[in-house]
Amino acid sequence: MSLRHFLTLMDLSPDELVGLIQRAIELKANHARGQVHTPLNRKVMAMIFEKASTRTRVSFESGMSQLGGHAIFLSPNDTQLGRGESVEDSARALSGMVDIIMVRTFEHDKIQRFADAASVPVINALTDLYHPCQLLADVMTWVEQRGEIRGRTAAWIGDGNNMCHSWMNAARQFDFKLRIATPEGYGPDPDLLQACAGQVELMSDPQAAVAGADLVVTDVWASMGQESEQAARMAEFAPFQVNETLMTQAGDNALFMHCLPAHRGEEVSAGVIDGPQSVVWQEAANRLHGQKALLEFLLR
Ligand code: CP
Ligand code: NVA
């Protein structure tokens, strides 16, 4: 099979993505039954983290271990990449030693260059532009809770960030509607918006965006790398908090999602994230199963 990477949701076909979600649900059930499934026996994954992580690191490390393989955590503090060795040289060297590489970094261009130089599959574990692995877990959670996502309506409230961009790609690939409400100047990438025009609508009013929606999603107001903007963003984003009042505008059966980590009292009220419509803990747990299905797919 030719080399496949997973840098954005657009790297897989819609059919492959739907198949992957089904496989993740199956793997989760098998795991709950105690089934031992080790198709990645002796396979090794390198995990490069240039930003912090709790869920992504632990889900990939546990996933590789459950599938019979092994994962190696690499941080810039301890690698030559952190001392200026080029992305391309690092990719070539690691490709000779491991079977698959996961990268969490800042510039999306960096992971693209890394993948271009690598001769093993590369997975995007978050860049400034995209977080596709999170969407595997999020769509899986939707399917478990409510069935097919095709034709449904989701509302993204807050920053037009990496998670927002991956939700936009998900709307295209899984064929649902996405309404986005962001403060002025914090919208998603205009070229991506153009490419998603059939499925995605940008608005300025959060009430209008959530009206009758099946799903409401948000994320932090300042992402990793934007810490210096936190105070300014707090003021700009205040009207975009997902709280009980806003949720009353959504559909009766609407779900609430957040990739986590969350800041209660900022982008989401405690009442919503800890309330009955929230499925954030299922989302977090599904990172494990979605990525196991992805690892199987890329290493089959
Ligand atoms: N949602 C997510 O990617 O979490 P971590 O930053 O903890 O990996
Ligand atoms: N938008 C957030 C997502 C964290 C999982 C960030 O990039 O920090």
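Both counts, for ligands and for their atoms, begin at 1 and track the order of listing. Along the sequence shown, residues carry numbers from 1.
Within the 4.0 Å heavy-atom criterion, the part of L260 lying near ligand 1 is the backbone and not the side chain. If you look at N162 next to ligand 2, the close heavy atoms, those under 4.0 Å, all belong to the side chain.
The residues E88 and R113 are annotated as salt-bridged, a charged nitrogen and a carboxylate oxygen being separated by less than 4.0 angstrom. A salt bridge links D128 with K51: at least one charged nitrogen is closer than 4.0 Å to a carboxylate oxygen. The pair E26-R23 meets the salt-bridge criterion, since a charged nitrogen lies less than 4.0 angstrom from a carboxylate oxygen.
Remark: ligand 2 and S223 share an N or O pair separated by less than 3.5 Å (distance only, no angle test). No N or O atom of R104 sits closer than 3.5 Å to an N or O atom of ligand 2. Looking at C259 next to ligand 1, an N or O pair under 3.5 Å apart turns up.
Residue contacts with ligand 2: T56 is excluded, as none of its non-hydrogen atoms falls under 4.0 Å.
Taking every heavy atom of both residues into account, E148 and W142 meet most closely at O-NE1, 3.2 Å.
Taking atom 4 (C) of ligand 2 as the reference point, the nearest protein heavy-atom neighbour is L126 CD1, 3.8 Å. Of the protein's non-hydrogen atoms, R55 NE, 2.9 Å is the one closest to atom 4 (O) of ligand 1.
Taking the ring centre of F297 as origin, the terminal cationic atom of R4 falls outside the region bounded by 6.0 Å and 45° from the ring axis.
With atom 6 (O) of ligand 1 as the reference point, the heavy atom nearest to it among R104, R57, K51 is part of R104.
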